[in-house]
Amino acid sequence: MAQGTVQVTHGGASRWRRRSGEYPTLSAALAAAGDGDVLSIAPGTYRENLVLHHAVTLRGPEGAAAGSVRIAPLDGVALTVRASAVVQDLHLEGADRAAPALLVEDGCPELSDLRVHTRSSAGIEVRGGARPLVRRCTVENPAGVGISVLDGGGGVFEECEVVAAGQAGISVRGGHPRLERCRIHHATGAGIAVTGEGSGLEALGCEVYEIKGSGVQIAARAAARLTDCAVHRTSADGVTLDTDAVLTLAGCDIHDIPENAVDLRSRSVLTLSRSTVRRFGRNGLSVWDPGTRVDAESCEIHDSTGDYPAVWISDGATVSLDSCRVHDVPDALFVLDRGSRVDVVDSDLTQVRNTAVSVSDGAGAQLDDCRIREAGTGAWFRDHGSGGTLANCTIDDVQSGVIVTKGADPVVERCTVTSAAEAGFYVSAGGRGTFTACRVSGSSGFGFHVIDGCRTTLTRCHTERCARGGYEFAEDGPVAEGCTGDEPGPRLGPRAAAGGVPAGAQPVVRTASSVPGPAGAPAAMPGQRPSDPGAPGAAGAPGAADAGAVRGSGEVLGQLDALVGLDSVKREVRALTDMIEVGRRRQQAGLKAASVRRHLVFTGSPGTGKTTVARLYGEILASLGVLERGHLVEVSRVDLVGEHIGSTAIRTQEAFDRARGGVLFIDEAYALSPEDSGRDFGREAIDTLVKLMEDHRDAVVVIVAGYTEEMERFLTVNPGVASRFSRTITFGDYGPQELLRIVEQQAEEHEYRLGEGTGEALLAYFTELPKGPAFGNGRTARQTFESMVERHAGRVAQLAEPSTDELTLLFPADLPALSAPC
């Protein structure tokens, strides 16, 4: 496009000035123009660097097509504005990586309907005392920032759009812009970034989306307020605050975020009102560090797509929720670390797969007038120093209402638990707790279940329609005063009945030593280590592995090498072992060690040695100091999946705890996710397992095993499943020669020998044997040997005085018929 002419209409009061003039260049026209003049630019491309020193109007011709006037210098700033000018209908292009395309340095100019297409440091830059009004402008800058406001700059941006940016869409450093109905998308950095003390931003009705970074980033003592805005489809966190940042979100919608919807750290403060956080991959609210705080009112957090708590509070942070809803999430509120606290008033926590309120490591929780419904556990106070208060809360349709363990000591007042699948209130492992005027109704387990001699205090509590009884107490533990139930029964013991129970309203009390725990519950509550007294897997408990002396890795690898076949499997295990060993030696030498995920997938047909290799793998890791014990805990679907909501999580936690320090081997893991699963609870086991593997990544190695095709489907069930496992090891079927070798090993172990021709007969037998679904590989070889021994016994038993050879030799005639089932 050729350069055109510039028509200048003079608006000056001086009579001697011409009313209009035509100039060949923009620079010449600007030199002749003064305040109030209008410069109408003919269509064309102008390779000039323009500077506006006067309050002129610079515009394209009326009725011309968009983009007909291009200001496109070869370098430098395309347009610099230093006055309260009016600029309309221009297309600006920049090519200088060190300079913006449009620079506003002073005045209160009006910029409208501009298209900035550039590959420069910034599309639009506002600095100094400039306060522009920018309307309906579009910025595309794949090489730098979309719009930059810094060094005291400000202004209002209305209905503007940043369509692409190589860095932040909008960057504020020391400025104070206001955004109204703007759209920022396809930025490579943050959508909106406000950084530095004195920096501020206000946004109204804006949308930030398709960002390859955080949607909104407030940091280093900056402040911002977003009203009726939406942030969605980012690749990192939706909103981040760091280092004394302050942000207010009112009527905002944060959704479809793969990481944390909102993440706060280092004394940042967030105020939320009437806002929604939904469809997030990690935490809805992630709040860290002393002094960091969130105050939320009338907000909703729901529909987690990951396996993490909706609200995570740790390292001394504080969160306050008032009239909020949290639902359809794995865990609702997770508070940990001394000094961390959550305060919840008049809020609903519903449809929570695991625990609605979890308090641990000395944290505290205060819930008043809240409603918890359809959860695995209503509230769980986990360990010493953890506590708080639950007052006037209702907990309905849960697995367990309130759990108190390991020295935790909450105060629970005027709370009601209805329709619990297990205990209404469960206290164990040194937990304490004070329960006043609490009620349990319709529990399928006990109303109050207090074991392990826990020093719990119950005052004026009441139970009714509890299937296993209203109260289950240890002989020497809880203190109960004025407690009642709907069952006639013996009075409480001397300690439990301190204060007396009204006549005619006495609860049934049994001792914990004579009656098992809640129906379907493990002997140890989730989180209890196998080494804890009474925990599954503790010394003397069924299934406990004898730690014994740990064998050296060389000895165990030698046993692995001695297994028949499995050459590719041995190579995979040795390669993984070598990586771990070298990583350990590098750490000892003060070098960085590559992160090696130790969880494995074993695929292949039955009888190919998967369980055996898993056991040896655990021993190898123990010999290298990676695992504490290296023992194997083998489970399947029946061990993990319960019959009702919440019981699956408890069973899975129990199995995981039994395997702590060793290997959890899940055989036929694909059965946890049947193709026609519907409301199947196997998915709950998978979700729980994925979270445990993340939270305790160094404590347990998990191996999932099963048929190759089915395991490929299993790895796609949960987005977190495939990422937890480092590699898949395939166990191929045994060939005839390897099956023969297994029979030879069995014979040698049991002091039998193969007679003349028997080896050849076995080889032919295994070659012709059908390899259908019933084929069991190593198991088939062992069954064949057992059949031969049985036939041999039937033959030799007829001899009066058999010789040693006759007692030990197996012959081809001892082979079972091929038609026999294997």
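Nothing here was measured: the structure is a model prediction, and the numbers come from that model.
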Side-chain touch [X]/[Y], heavy atoms, less than 4.5 angstrom:
{"X": "His54", "Y": "Leu30", "answer": "no"}
{"X": "Thr25", "Y": "Glu48", "answer": "yes"}
{"X": "Leu111", "Y": "Val104", "answer": "yes"}
{"X": "Leu226", "Y": "Val239", "answer": "no"}
{"X": "Val38", "Y": "Arg59", "answer": "yes"}
{"X": "Pro132", "Y": "Val126", "answer": "yes"}
{"X": "Tyr46", "Y": "Leu90", "answer": "no"}
{"X": "Asp253", "Y": "Arg278", "answer": "yes"}

Looking only at heavy atoms, which two atoms of [X] and [Y] are closest? And how far apart?
{"X": "Ala165", "Y": "Val162", "answer": "CB-CG1, 4.3 Å"}
{"X": "Ile218", "Y": "Ala245", "answer": "O-CB, 3.3 Å"}
{"X": "Arg127", "Y": "Asp151", "answer": "NH1-OD2, 2.9 Å"}
{"X": "Ser40", "Y": "Gly60", "answer": "OG-O, 4.3 Å"}
{"X": "Arg178", "Y": "Leu204", "answer": "NH2-CD2, 3.7 Å"}
{"X": "Ala168", "Y": "Ala187", "answer": "C-CB, 4.4 Å"}

Do [X] and [Y] sit within salt-bridge range, that is, some charged N less than 4.0 Å from a carboxylate O?
{"X": "Asp106", "Y": "Arg82", "answer": "no"}
{"X": "Glu159", "Y": "Arg136", "answer": "no"}
{"X": "Asp307", "Y": "Lys691", "answer": "no"}

Distance-only, no hydrogens or angles: does the [X] side chain make a donor-acceptor pair with backbone N or O of [Y] under 3.5 Å?
{"X": "Asp315", "Y": "Asp337", "result": "no"}
{"X": "Asp331", "Y": "Pro309", "result": "no"}
{"X": "Asn49", "Y": "Val77", "result": "yes"}
{"X": "His176", "Y": "Glu202", "result": "no"}
{"X": "Ser121", "Y": "Ala99", "result": "yes"}
{"X": "Thr305", "Y": "Phe280", "result": "yes"}
{"X": "Asp289", "Y": "Ser266", "result": "yes"}
{"X": "Ser235", "Y": "Gly213", "result": "yes"}
{"X": "Arg267", "Y": "Thr243", "result": "no"}
{"X": "Ser148", "Y": "Glu125", "result": "no"}

Leu102/Val81 under side-chain contact (heavy atoms from CB on, under 4.5 Å): CA gap, chis, key distance, verdict: CA-CA 8 Å; Leu102 170 58; Val81 182; 4.2 Å; yes
Pick one: which of His232, His255, His186, Arg183 meets side-chain hydrogen bond (donor to acceptor under 3.5 Å, both in side chains) with Tyr209? Arg183
To the closest 0.5 Å, what do you measure between [atom1] ([X]) and [atom2] ([Y])?
{"X": "Trp288", "Y": "Leu264", "atom1": "CH2", "atom2": "CG", "answer": "12.0 Å"}
{"X": "Glu110", "Y": "Cys108", "atom1": "CD", "atom2": "SG", "answer": "9.5 Å"}
{"X": "Arg282", "Y": "Ile257", "atom1": "CZ", "atom2": "CD1", "answer": "14.0 Å"}
{"X": "Leu247", "Y": "Cys252", "atom1": "CG", "atom2": "SG", "answer": "8.0 Å"}
{"X": "Ile147", "Y": "Ser171", "atom1": "CD1", "atom2": "OG", "answer": "11.0 Å"}
{"X": "Glu158", "Y": "Cys182", "atom1": "CD", "atom2": "SG", "answer": "8.0 Å"}

Identified side-chain contact (heavy atoms from CB on, under 4.5 Å) counterpart of [X] within the set [options]:
{"X": "Val277", "options": "Asn260, Val326, Ile301, Asp303", "answer": "Ile301"}
{"X": "Phe157", "options": "Val149, Val139, Leu133", "answer": "Val149"}
{"X": "Val262", "options": "Asn283, Leu270, Val216", "answer": "Leu270"}

Going through the distances and angles, do Trp312 and Leu336 end up as a side-chain contact (heavy atoms from CB on, under 4.5 Å)? CA-CA 8 Å; Trp312 173 280; Leu336 67 161; 3.6 Å; yes
Just wondering, are more than 12 heavy atoms of other shown residues or ligands nearer than 6.0 Å to CZ in Arg173?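 No - once you tally the heavy atoms of other residues, nucleotides and ligands closer than 6.0 Å, there are 12 at most.
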Donor-acceptor side-chain pairing of Arg70 and Thr45 below 3.5 angstrom: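 On atom types as modelled, these side chains qualify, holding a pair under 3.5 Å.
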So, His185 and Glu161: side-chain donor and acceptor under 3.5 Å apart, yes or no?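 There is such a pair between these side chains.
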Please determine whether salt bridge (charged side-chain N to carboxylate O under 4.0 Å, His left out) holds for the pair Asp242 and Arg265, giving the CA-CA distance in whole Å, both sets of side-chain angles, and the decisive distance to 0.1 Å. CA-CA 5 Å; Asp242 199 358; Arg265 298 170 188 263; over 6 Å; no
Can Val69 and Asp89 be said to form a side-chain contact (heavy atoms from CB on, under 4.5 Å), step by step? CA-CA 8 Å; Val69 177; Asp89 300 312; over 6 Å; no
Could you give me the CA-CA distance, side-chain angles and deciding distance for Gln88 and Leu58, then say whether side-chain contact (heavy atoms from CB on, under 4.5 Å) is met? CA-CA 6 Å; Gln88 301 171 340; Leu58 187 67; over 6 Å; no
